[in-house]
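Report on the structure given below.
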Amino acid sequence: MKILFSPSESKNENCTDKPFDKDSFIFKELFDYRMQALNSFFDYIKNTSIEDLKEFFGIKDEKEIKKFIQNLHNQPTKKAVELYNGVSYEYLDFNTLDKKAKDYIYKNTLIFSNLFGVVRADNLLPFYKFKQGAKLPSLSLEKFYKQHFSKALDEFLQDETIIDLRAGYYDKFYTPNKQFTTYKFIKNGKIVSHFAKAYRGMLLRILAQNDIQDNNTLLSKLPLNLKLKEIKYINLKEEILLEIID
């Protein structure tokens with residue numbers, strides 16, 4: 001079982017682990033590609049005006065922006081699953097899980113960073129800012145990572161059951177080449193987006209707490225306010241629609 005998961009723009013600034021190196025990441029053989037992406041990012045932010053960076057980062061406060069204009073190679077780090085703290089991660093509530101559940105997430109969860117590409121939940125990342133959809137003039141990061149990491153991911157996942165809990169945007173970084181399962185959430189007949197972040201975090205927590213290894217078991221453990229509505233098959237994708245019950 002492997003779970004594909006989104007990052008979040010909101011992050012925990014309290015990083016205390018050592019700066020990252022090649023051993024900090026899954027797919028060590030592809031480390032140079034990560035550094036190519038990171039160097040393109042750093043070259044851009046150090047040579048761009050504060051006014052342009054306000055738009056790039058989505059931040060108006062100049063003092064806040066200056067916090068992110070730094071070389072990330074020598075910054076302290078944190079495990080990815082603890083660095084991100086947006087809505088999905090609030091509902092995952094990682095720090096309240098027991099050791100077995102945490103180890104499950106470390107081993108089985110792949111997070112798709114906008115800047116660093118795919119990382120395992122226990123890989124070390126620094127505090128950084130790179131909003132979803134932001135563009136570097138010299139490099140399309142989603143295309144870059146899809147080109148250079150898809151083969152390694154295909155091989156890594158070839159014998160695994162895949163549950164894709166990412167937002168749809170992250171298909172741009174990687175699309176599995178074998179059968180995989182996604183989840184969508186419906187309320188009052190409409191697919192929801194903000195609520196979806198919370199429920200993706202809940203599902204990852206359920207997977208970890210129950211050491212789940214197949215999708216049918218996950219469906220049998222749904223919280224009471226989620227009801228199976230429909231299952232669709234679209235090429236290699238099994239799309240499960242869950243209805244949110246008030």
Side-chain angles (χ1 to χ4, degrees), residues 1-10 80-81 84-94 96-98 100-102 104-105 107-114 118 120-121 132-133 142 146 150 153-154 156-246:
M1 170 71 77
K2 291 292 181 282
I3 303 103
L4 312 185
F5 209 66
S6 301
S8 70
E9 288 193 29
S10 175
V81 72
Y84 298 113
N85 61 5
V87 174
S88 294
Y89 292 86
E90 288 178 9
Y91 280 82
L92 168 61
D93 203 5
F94 178 81
T96 65
L97 293 170
D98 63 27
K100 184 177 180 182
K102 287 180 178 179
Y104 175 98
I105 288 177
K107 178 181 177 182
N108 297 311
T109 306
L110 298 175
I111 301 171
F112 284 74
S113 162
N114 292 297
V118 60
R120 208 168 68 172
Q132 180 179 303
E142 57 267 36
K146 192 163 195 173
S150 287
L153 277 162
D154 288 342
F156 182 73
L157 296 169
Q158 64 182 350
D159 297 323
E160 300 282 355
T161 297
I162 302 171
I163 293 183
D164 188 353
L165 295 180
R166 300 175 298 170
Y169 175 81
Y170 293 95
D171 291 345
K172 297 178 181 181
F173 286 78
Y174 175 69
T175 303
N177 72 343
K178 54 170 288 184
Q179 184 176 350
F180 64 104
T181 301
T182 66
Y183 281 82
K184 288 189 175 180
F185 304 89
I186 298 174
K187 188 171 185 178
N188 299 324
K190 296 181 180 180
I191 293 175
V192 299
S193 56
H194 184 73
F195 280 118
K197 295 179 181 180
Y199 285 107
R200 290 185 191 115
M202 288 182 196
L203 291 186
L204 181 53
R205 184 176 178 88
I206 291 168
L207 284 159
Q209 286 177 317
N210 296 278
D211 191 25
I212 292 175
Q213 301 299 325
D214 65 89
N215 195 59
N216 287 335
T217 304
L218 175 57
L219 289 174
S220 73
K221 300 285 186 180
L222 292 177
L224 294 177
N225 62 336
L226 287 180
K227 178 182 177 182
L228 178 61
K229 177 74 173 177
E230 185 181 357
I231 299 178
K232 297 180 179 180
Y233 294 92
I234 308 167
N235 298 321
L236 295 174
K237 179 168 67 174
E238 177 188 47
E239 184 178 273
I240 295 178
L241 279 70
L242 299 179
E243 186 174 7
I244 301 171
I245 308 297
D246 288 328

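As the structure is a prediction and not an experimental result, all values here were calculated from the model.
The two residues Arg205 and Asp93 make their nearest non-hydrogen contact at NH1-O, 3.0 Å. Taking each heavy atom of Leu218 and Tyr183 in turn, the nearest pair found is CD2-OH, 3.4 Å. The nearest pair of heavy atoms linking Leu97 to Ala208 is CD1-CB, 4.5 Å. The two residues Ser6 and Leu165 come nearest to each other via the heavy atoms OG-O, 4.4 Å. Across all their heavy atoms, Pro223 and Ile206 have their closest contact at CD-CD1, 3.5 Å. The two atoms that bring Ser88 and Arg200 nearest to each other are OG-CB, 4.4 Å, heavy atoms only.
Taken to the nearest 0.5 Å, the NZ atom of Lys221 stands 14.0 Å off from the CG atom of Leu203. The CE atom of Met202 sits 11.5 Å away from atom CG of Leu92, with the distance rounded to the nearest 0.5 Å. Within the model, atoms CG of Leu242 and CD1 of Ile191 stand 11.5 Å from one another, a figure rounded to the nearest 0.5 Å. Atom NZ of Lys2 is separated from atom CG of Leu153 by 11.5 Å, given to the nearest 0.5 angstrom. In this structure, the separation between CZ on Phe112 and CD on Gln132 is 13.5 Å, given to the nearest 0.5 Å. Taking CD from Glu243 and CG from Leu241, the interatomic distance works out to 10.0 Å, rounded to the nearest 0.5 Å.
Side chains of Leu207 and Asn108 form no contact here, defined as non-hydrogen atoms less than 4.5 Å apart. Residues Leu4 and Tyr170 are not in side-chain contact: their nearest non-hydrogen atoms beyond the backbone lie 4.5 Å or more apart. For the pair Tyr174/Asp154, a side-chain contact is recorded, criterion being any heavy-atom separation below 4.5 Å from C-beta on. Using a 4.5 Å heavy-atom threshold, the side chains of Lys227 and Leu222 count as separate. Side-chain atoms of Leu110 and Arg120, non-hydrogen and from C-beta on, do get closer than 4.5 Å to each other. Considering only heavy atoms from C-beta on, Asp211 comes within 4.5 Å of Gln213 through its side chain. Contact annotation: the side chain of Leu226 approaches that of Ile244 to within less than 4.5 Å [non-hydrogen atoms, C-beta and beyond]. By the 4.5 Å heavy-atom criterion applied to side chains, Pro176 and Leu236 are not counted as neighbours.
The pair Asp171-Arg166 meets the salt-bridge criterion, with a side-chain N (NZ, NE, NH1 or NH2) lying under 4.0 Å from an Asp/Glu carboxylate O.
Using cut-offs of 30° and 60° on the angle between ring planes, the pair Phe185 and Tyr199 is parallel.
Both the sub-6.0 Å distance and the 45° axial angle are satisfied by Lys102 relative to the ring of Phe94.
In the displayed structure, Lys237 atom NZ is contacted under 6.0 Å by more than 12 heavy atoms of other residues, nucleotides or ligands. Crowding of Lys178 atom NZ: a count of heavy atoms from other residues, nucleotides or ligands under 6.0 Å exceeding 12. Within 6.0 Å of OH in Tyr169 there are more than 12 heavy atoms belonging to other residues, nucleotides or ligands.
The only member of Thr109, Ile163, Ile162 that meets side chain to side chain contact (heavy atoms under 4.5 Å, CB included) when paired with Met1 is Ile163.
Defined by atom type and a distance below 3.5 Å, a donor-acceptor pair is present between the side-chain atoms of Asn85 and Ser10.
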Derivation of the side chain to side chain contact (heavy atoms under 4.5 Å, CB included) call for Val118 and Phe173 | CA-CA 8 Å; Val118 60; Phe173 286 78; over 6 Å; no
Evaluate the side chain to side chain contact (heavy atoms under 4.5 Å, CB included) criterion for residues Lys184 and Ile186: first the C-alpha distance (whole Å), next the side-chain angles of each, then the deciding distance (0.1 Å), finally the verdict.
-> CA-CA 7 Å; Lys184 288 189 175 180; Ile186 298 174; 5.6 Å; no
Verify side chain to side chain contact (heavy atoms under 4.5 Å, CB included) between Thr175 and Lys146, making sure each step is shown before the conclusion.
-> CA-CA 8 Å; Thr175 303; Lys146 192 163 195 173; 3.4 Å; yes
Could you walk me through whether Asn215 and Glu238 pass the side chain to side chain contact (heavy atoms under 4.5 Å, CB included) check?
-> CA-CA 10 Å; Asn215 195 59; Glu238 177 188 47; 3.8 Å; yes
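With hydrogens and angles disregarded, a donor-acceptor distance shorter than 3.5 Å links the side chain of Asp214 to the backbone of Asn216.
Taking the six-membered ring for Trp, Tyr89 and Phe5 have ring centres closer than 6.0 Å.
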